[in-house]
Amino acid sequence: MALPGILSAVNANLHGIDWGIIVGYVLAMMGLGAYLSTRIKGFKDYFLAGGMLTTPILICTLVSTYYELDVTFGTSESAYYYGVVAWTWLNRPYYIAIILAAILLAGRLKKMGGLMTLPDLLEKHYGLPTRIVGAAACFIYSLPITALAGMTVMFTLLGWNPSVALALAVGVCVVYTVMGGLWADAISDTVQFVLMCVSMAVAIPIALNWVGGWQFVEHLPVDEATGVRQHLTATGGLRPGIIIAWTIGALTVFVEPAFYQRIFAARDHRSIIRALLVGIVLWASYDWGVTMIGLIARSAAEQGLLDGDLEGKHALVAVCLQTLPLGLKGLFIGGVLAAAMSSVDSYSLLASGNVVYDIARPLWPRPLSDRALVIATRIGIFGVMLVAVAASLAFDRITDAWVFMSGALASVVFVPVMGAIWLKPRRAAGLLSSSLGLLTFIVFHVLVRFNGSYDDEYESWSWTVGGVQLWREYAAIAALPMSCLGFALGQMVGRK
Amino acid sequence: MELGTWIAVIVLGPGALAVFVWFIFDVRKMFRGRWE
């Protein structure tokens, strides 16, 4: 059966119980925001939950926030096309980066004291101009573009009106985040965390049973040239450049604004370190589950259980909605929706904080009161949503937006932040490093876009120079050495 | 592959629920002396 047929049948068969689960979840989130809004006393309460978060709530909010639909759909899509490499090289580098961040950074940052955001750290070591450049990069990264685009894809697949469904889902996120800030965000994340994890735990054995058990791997395609099932190899037959680009992407963990916000919101440094280490086990399990569903979808397509023309990005939804029984479909849709909503609420709060607290506050002619900061950040969340919707129109695909946003963040703030934490930097080092990183990132994108050509197979832009093929995804790889050079120059010529 | 998958199911099912129960028992500690 073709995907539209499956989905329309599923949609028609969504039972009252399924809808009850979805509506109940939405109402609970709104009520939570309304209650918590009565407890907010100041900006630290609103933006950092008063610095009171303990290990279990940190686990829930970290795990659910970092999962957007592009990660979920992207991993199952990669598993569908390439196999277990979706786990081994697309996701595993992030676990290593998170372990290093937990051991080397979290405790050190928490002990610094007096910091609320990543740009606070930049200003402390490099001054206001570096703070502003860094905050702008954090703002671009934090715009919830990919989460909104992911939700649009899912609503379209479900046969719902994407504009109406998106407006409703985003409206709910905005309402409870505006009211309750990080408290509402983090507590709602606990529910979202359970929904997304449990729905995946239920879906895996059911999908395995549906596809005929573990023998499903025998139906995965065999490479004619090598006689190997590439889906079961660690690299999936991918070219090394892509695997290197994926690995470099894991560097964003060290400058992830949501991680920093939760580190500063933690009750103490032990809480955040424990949360990150437990979180890795959950992230790895969820990624493995999504990878398995992608493999099952591929095997099912090869066996004729699913349409052979099934697109990889539809694999997860197609398998789960095809196999899950009554009630569990609602749980699954709620789980996927929860993964998206937990990202929309967290990153809209962060992006608004970037504009109000990180950029406007230090530039404002007179000091802003705590109350003014809370009000402005609440208003800013609405603005962030409007900007995110407008910005999402500039990208054809979710992956395009992610490559640009994560690349911009890593290029601008990775070197200065690492320098601030591990070295005794001079002020000029930060500004030169972030500016040179940003400039290289922009120039690289412009050169590849206007001198290169579009590759239909890899769905990306590349420019061949002297026999070397430069892919758009390599922009951060080019920018990071230049950012290092800027830092070194600043250390040499800057004043102590 | 099989072992990894069943470990993932246990972590995501009972494991995630255990974290949630931990959170429920931890709520009072988190808000102690603040909102009471």
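Order of the sequence lines sets the chain letters (A, B, ...), proteins ahead of strands, with each chain counted from 1.
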**Q** Could you check which of A:Leu232, A:Val198, A:Val191 has the highest count of heavy-atom pairs closer than 4.5 Å to chain B?
**A** A:Val198
**Q** Can you tell me if A:Tyr81 has over 12 outside heavy atoms packed within less than 6.0 Å of its OH?
**A** yes
**Q** Relative to chain B, which segment of A:Val217 carries a heavy atom at a distance below 4.5 Å: side chain, backbone, both, or neither?
**A** side chain
**Q** Heavy-atom distance under 4.5 Å to chain B: side chain of A:Leu53, backbone, both or neither?
**A** both
**Q** Identify which part of A:Ile57 has an atom lying under 4.5 Å from any heavy atom of chain B, answering side chain, backbone, both or neither.
**A** both
**Q** Rounded to the nearest 0.5 Å, what's the gap from CG on B:Leu12 to OH on A:Tyr286? Could you check?
**A** 8.0 Å
**Q** Any chance CH2 of A:Trp283 has more than 12 other-residue heavy atoms, nucleotides or ligands included, within less than 6.0 Å?
**A** yes
**Q** Could you check A:Ile59 against B:Phe23 for side chain to side chain contact (heavy atoms under 4.5 Å, CB included), going step by step and ending with a plain yes or no?
**A** CA-CA 9 Å; A:Ile59 294 170; B:Phe23 158 70; over 6 Å; no
**Q** Quick one: pull up CG in A:Leu295 and CE in B:Met1 and give me the separation to the nearest 0.5 Å.
**A** 5.0 Å
**Q** Tell me, for A:Leu195 versus chain B, whether the close heavy atoms (under 4.5 Å) come from the side chain, the backbone, both or neither.
**A** neither
**Q** Check side-chain contact (heavy atoms from CB on, under 4.5 Å) between A:Asn91 and all other residues, then give those that pass, not counting sequence neighbours.
**A** A:Thr75, A:Tyr95, A:Asp287
**Q** Among B:Ile7, B:Val9, B:Ile24, B:Ile10, which residue forms the greatest number of heavy-atom pairs with chain A at distances under 4.5 Å?
**A** B:Val9
**Q** With rounding to the nearest 0.5 Å, note down the distance linking CZ in B:Phe25 to OG1 in A:Thr54.
**A** 14.0 Å
**Q** In the structure I gave you, are the side-chain heavy atoms of A:Thr55 and B:Asp26 within less than 4.5 Å of one another anywhere?
**A** no
**Q** Between atom OG of A:Ser285 and atom CH2 of B:Trp6, what is the distance when rounded to the nearest 0.5 Å?
**A** 13.5 Å
**Q** How far apart are the closest heavy atoms of B:Ala16 and A:Phe193, and which atoms are they?
**A** O-CE2, 3.6 Å
